[in-house]
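Every number for a ligand or one of its atoms is a count from 1 in the order of the listing. Note that this is a predicted model, so its numbers are computed, not measured.
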Amino acid sequence: MLSKNMETFMDCDKELAEARTILFGAPFDSTTSYRPGARFGSSAIRRESYGIETYSTYQDKELTQAPVLDCGDLELCFGDTKKALAQIEEFTREILAGGRRPFMLGGEHLVTLGAFRAVAEKYPDVEIIHFDAHADLRDEYLGAELSHACVMRRCWEIIGDGRIHQFGIRSGDKEEFRWGKEHVFTRRFDFGGLQQTLKKTLKELSGKPVYLTLDLDVLDPSVFPGTGTPEPGGVGFEELRYHTVMVCVQANVVGCDVNELSPPYDPSGISTAAACKIVREMLLALE
Ligand SMILES: [Mn+2]
């Protein structure tokens, strides 16, 4: 049911009839391999959003004017990963059926698979832009195929070769990178010298439906310590903001997610503030 939550991301409380983007949370982290806590990410983003302005000085736009409805967090079946993913898929399908854009807040990165299944069903030619520290291309991790370390591999099984475009990647095992070379596009460490790589990708994807998945651990842990698998050597906030907005403005983003904020590892609140700000910028850029 697409209905307004009691508490919403600031000013994302429009009526369903006028909403073009549906925000919702997928508070799930049962396959997190190192430090759990991402299940609290979406509610923290919603709650702390009131700490930043509705106005974006970057884009000269107001969130109060944005056609966004926040439906709150899904009640997911913990302990049954398949069922939780099916619940996310079903909810995303309902959003898409009404001609709206799903914008999911994680949760661990595996939640992307649930939403992406529904998006790929509606848009069979969809391509993925993936910002992350980790390649997430393992075939299995600790015996599990449904793990956040395998999420991009599972998405590849749906759409096939040459349609996943990764940026910021700086961690994975040797086999993942070997496999990745044959099946996906991976830009290591950043978004490309003088933005040429992402710009080139966006040019190639012009007009095509795009799913944007943003694992916030692409940020350096010095600006984003609140995450389950921190990976030093990441991008700065401004670099991420610039490139994320670029994708949201230039690409035909038919669905997106922001994931892997883990509030228990964010005692100062800076990671949650960074997450809130990037979500605001994305919502404004997507209009
Ligand atoms: Mn990651």
Atoms of protein origin (N, O or S) under 2.8 Å from the Mn ion (ligand 1): D132 OD1, H134 ND1, D215 OD2, D217 OD1, D217 OD2
Geometric cation-pi criterion, R153 with W179: 6.0 Å, 45°: yes
N/O donor-acceptor pair under 3.5 Å between K122 side chain and L96 backbone: yes
V68: side chain to side chain contact (heavy atoms under 4.5 Å, CB included) partners, not counting sequence neighbours: C12, T21, L23, A66, L283
R170 and D190: CA distance, side-chain angles, deciding distance, salt bridge (charged side-chain N to carboxylate O under 4.0 Å, His left out) verdict: CA-CA 9 Å; R170 56 190 183 278; D190 57 20; over 6 Å; no
Donor-acceptor side-chain pairing of T112 and T213 below 3.5 angstrom: yes
Within the 6.0 Å centroid threshold, strictly below: F191 and Y242: no
